[in-house]
Enquirer: 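Take this structure first; my questions come after.
Hydrogens, waters and symmetry mates are skipped; everything else that's a heavy atom, side chains included, is used. Predicted model only: the values in this text are computed from it and were never measured. The chain is numbered in sequence order, starting from 1.
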Amino acid sequence: MFYDLNVFKTAHAMATHAGQRQAVIARNMANADTPGYQPRDIEAFQKAFENAGREVAMTATRAGHLNGASGPQPWAEYEVAPSGDPNGNGVSVEEEMFKAVEVKRQHDRALTIYKSSMNILRSSIGRS
C-alpha cells in the first residue's frame, strides 16, 4: 500500500540539497577575507531535480550509512561571478547572507512537506 511514496523522497532530496548548499555558503563566508578566493554555489534544487529525471538517489554520508553505498554527488558546485574585490576575493558577504536565508526557507519547506505527509499517513491508518 505505502511502498513508493515519492513525496518523502522529494522532501529528503530538498532537505539534503539545502544542507549541501548551506555548507557551500558557509565555506564562502569563511573565506571572505582570503585573497584570490572565488565563491562557489550549487544549482537550484528545482533545476537539479528536473534534470535528474525525477529519480533522486540517496548517498551515504558516513561509513555504514545505507550499507556504505555511496554514489556521485547529485548537485555539482560551480564558481559564481566574482564581486571584484581589490585583493582578488570574489565573495560578497551580503549576497551569501541572502543565499543563507533562502536555503533556510528551503530546508524549512522540506521539513513542512515531510511533517504534513506524515500527518496524512497517520490519519489514513487511524493514528492521528
Enquirer: Please name all residues satisfying salt bridge (Lys or Arg N to Asp or Glu O under 4.0 Å) with Lys115, sequence neighbours left out, ordered by chain then number.
Expert: none
Enquirer: How close do Ala11 and Ala110 get, heavy atom to heavy atom, and via which atoms?
Expert: O-CB, 3.5 Å
Enquirer: Test: salt bridge (Lys or Arg N to Asp or Glu O under 4.0 Å). Region: residues 10-21. Which pairs qualify, not counting sequence neighbours?
Expert: Arg21-Asp41, Arg21-Glu102
Enquirer: Compile the donor-acceptor pairs under 3.5 Å between side chains in residues 25-36 and protein atoms, sequence neighbours left out, one pair per line.
Expert:
from  : atom 1 : to    : atom 2 : distance (Å)
Arg27 : NH1    : Glu77 : OE1    : 3.3
Arg27 : NH2    : Glu77 : OE2    : 3.1
Asn28 : OD1    : Tyr37 : OH     : 3.0
Asn28 : OD1    : Arg40 : N      : 3.1
Asn28 : ND2    : Arg40 : O      : 2.6
Asn28 : ND2    : Glu96 : OE1    : 3.3
Asn31 : OD1    : Thr34 : OG1    : 3.2
Asn31 : ND2    : Arg27 : O      : 2.9

Enquirer: Checking Gln46 now: which residues fulfil side chain to side chain donor-acceptor pair (under 3.5 Å) with it, not counting sequence neighbours?
Expert: Glu50
Enquirer: Tell me, please, which residues at least two apart from Phe8 pass side-chain contact (heavy atoms from CB on, under 4.5 Å).
Expert: Leu5, Tyr114, Ser117, Met118, Leu121
Enquirer: With distance as the sole test, does Gln38 use its side chain to make a donor-acceptor pair with the main-chain N or O of Val91 at under 3.5 Å?
Expert: no
Enquirer: What pairs with Arg109 under side-chain contact (heavy atoms from CB on, under 4.5 Å), at least two apart in sequence or on another chain?
Expert: Met14, Arg105, Gln106, Ile113
